[in-house]
Amino acid sequence: MDLIEDVKAALRASRRGATVLNLGVFDTFPELAGRLFAQISGNVAVGSTVQSVYAADATLVEITTYDIAETARRNFEPGGAAATLLFARGAHAVMAHRVAHKIWADGDTTLALAIKTSCARVLSNDIHPAAKIGAGFWLDHGLGFVAGETSVIEEDVSIWHNVTLGSTLNTGGARRHPHIGSGVVIGAGATILGEVTIGANANISAGAIVLEDVPVGMRALATKATVRETARVSFLNTEGSNK
């Protein structure tokens with residue numbers, strides 16, 4: 001795989017950098033991913049889990065290398081895909097989710113949540129392992145990204161930092177988080193709530209708050225909140241409360 005050789009070349013070009021990364025010897029993508037996540041998480045068990053999941057699923061490797069290539073292309077990343085794999089926090093967050101999602105789908109929900117939590121602590125995001133994310137996902141920076149359990153992100157979506165795909169807390173069940181169509185671009189700090197659909201190739205501007213469907217190819221923007229109705233959600237325990 002060219003990506004592995006490119007990573008090796010980058011490490012040879014900076015011996016001090018290679019020492020800091022401390023990835024050891026690797027010849028395959030699963031081996032590299034495992035060593036990388038052992039260092040990122042500070043947990044050898046996380047690294048071995050990442051390696052074993054990728055080693056058992058060639059399709060997952062293919063999807064992840066496409067994520068990395070697209071991140072490098074869209075972000076004009078100096079150093080290309082190799083630098084993206086080594087240094088891009090958003091790419092690491094997507095990789096961690098890919099592994100956790102595969103484990104979740106295979107039925108070990110406890111391990112999936114353990115991988116998610118271990119990686120989220122150092123990557124500063126929270127993507128539920130059940131969330132479905134298509135290939136070619138560019139999560140720029142990755143900091144502060146939240147995706148709820150029933151979120152769906154289709155192929156070739158680009159999302160900046162501090163974006164929330166959340167629920168309104170007014171509905172439950174199998175569809176309570178957003179469905180993001182193919183090719184959508186979501187700017188930093190946007191909040192999309194509830195069972196809304198963002199149509200293919202739409203743009204959500206930075207800081208926008210979206211509570212309704214956005215048609216295909218359209219742009220949504222605006223952040224100003226207005227008071228319109230009585231509050232619907234409360235977590236106060238009124239029974240037996242002395243307050």
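For this chain, numbers begin at 1 and follow the sequence in order.
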Quiz item: About how many Å separate CD1 of I115 and OG1 of T110, when rounded to the nearest 0.5 Å?
Solution: 12.0 Å

Quiz item: Which pair of heavy atoms, one from A45 and one from S48, lies closest together, and at what distance?
Solution: O-OG, 3.0 Å

Practice problem: Apply side chain to side chain donor-acceptor pair (under 3.5 Å) to W160 and list each qualifying residue two or more places apart in sequence or on a separate chain. | Solution: D140

Practice problem: List for me each residue that meets side chain to side chain donor-acceptor pair (under 3.5 Å) alongside S205, sequence neighbours excluded, and say none if there are none. | Solution: R219

Practice problem: Among residues two or more places apart or on two chains, list those pairs meeting side-chain hydrogen bond (donor to acceptor under 3.5 Å, both in side chains) that have a residue in residues 189-202. | Solution: R175-T197

Quiz prompt | Pairs flagged by side-chain hydrogen bond (donor to acceptor under 3.5 Å, both in side chains) wherever residues 81-94 is involved - sequence neighbours left out | solution = none

Sequence neighbours left out, cut at 3.5 Å: what donor-acceptor pairs do the side chains of residues 19-39 make with other protein atoms?
from: T19; atom 1: OG1; to: R15; atom 2: O; distance (Å): 2.9
from: D27; atom 1: OD1; to: K8; atom 2: NZ; distance (Å): 2.8
from: T28; atom 1: OG1; to: E31; atom 2: N; distance (Å): 3.3
from: E31; atom 1: OE1; to: D27; atom 2: N; distance (Å): 2.7
from: E31; atom 1: OE1; to: T28; atom 2: N; distance (Å): 3.3
from: R35; atom 1: NE; to: V25; atom 2: O; distance (Å): 2.7
from: R35; atom 1: NH1; to: E31; atom 2: O; distance (Å): 3.4
from: R35; atom 1: NH2; to: V25; atom 2: O; distance (Å): 3.3
from: Q39; atom 1: NE2; to: N22; atom 2: O; distance (Å): 3.4

Quiz item: Any idea which heavy atoms bring A131 and G148 closest together, and the distance?
Solution: CB-O, 3.6 Å

Exercise. Could you pull out all residues at least two apart from H177 that satisfy side chain to side chain donor-acceptor pair (under 3.5 Å)?
Key: T150

Exercise. Please name all residues satisfying ring pair (Phe, Tyr, Trp, His ring centres under 6.0 Å) with H101, sequence neighbours left out, ordered by chain then number.
Key: H97

Practice problem: Tell me, please, which residues at least two apart from T71 pass side chain to side chain donor-acceptor pair (under 3.5 Å). | Solution: none

Quiz item: Any link between V185 and I209 through a network of hydrophobic side chains (Ile, Leu, Val, Met, Phe, Trp, Tyr) touching at under 4.5 Å?
Solution: no

Exercise. Name all pairs fulfilling the salt bridge (charged side-chain N to carboxylate O under 4.0 Å, His left out) condition that reach into residues 94-114, sequence neighbours left out, sorted by first residue then second.
Key: D67-R98, K102-D106

Quiz item: Under a 4.5 Å side-chain heavy-atom rule over Ile, Leu, Val, Met, Phe, Trp and Tyr, are V99 and I63 clustered together?
Solution: no

Quiz item: D126: what forms a salt bridge (Lys or Arg N to Asp or Glu O under 4.0 Å) with it, not counting sequence neighbours?
Solution: K116

Quiz item: So, the side chain of T65 versus the backbone of E62: is there a donor-acceptor pair under 3.5 Å, distance only?
Solution: yes

Exercise. Can you see which heavy atom on A112 is nearest to which on A100, and at what distance?
Key: CB-O, 3.3 Å

Quiz item: Applying salt bridge (charged side-chain N to carboxylate O under 4.0 Å, His left out), which residue pairs with at least one partner in residues 148-167 are found, sequence neighbours left out?
Solution: R74-D156, E149-R176

Quiz item: Can you list the other members of the hydrophobic cluster that holds V163, where links are side-chain heavy atoms under 4.5 angstrom apart?
Solution: V94, I127, I133, F137, L139, F145, I153, V157, I159, L165, I180, V184, I186, I192, V196, I198, I204, V210, V214, M218

Self-check item: Worked check of side-chain contact (heavy atoms from CB on, under 4.5 Å) between W138 and R73
Solution: CA-CA 10 Å; W138 173 27; R73 182 183 70 83; over 6 Å; no

Self-check item: Main-chain N/O of V61 paired to T64 side chain as donor or acceptor, under 3.5 Å
Solution: no

Quiz item: How many angstroms lie between OG1 in T59 and OH in Y54, if you round to the nearest 0.5 Å?
Solution: 12.0 Å

Practice problem: Write down the atom of P178, the atom of G166, and the distance for their closest heavy-atom approach. | Solution: CD-O, 3.4 Å

Quiz item: S118 and side chain to side chain contact (heavy atoms under 4.5 Å, CB included): which partner among L113, V46, L123, I40?
Solution: V46

Quiz item: Should V50 and L3 be regarded as members of a common hydrophobic cluster, given that ILVMFWY residues are connected when their side-chain heavy atoms come within less than 4.5 Å of each other, either directly or indirectly?
Solution: yes

Quiz item: Where is the tightest heavy-atom contact between P78 and A83, given as atom of each residue plus distance?
Solution: O-CB, 3.3 Å

Quiz item: Is the side chain of H128 donor-acceptor paired with the backbone N or O of A130 at a distance under 3.5 Å, no angle test?
Solution: yes

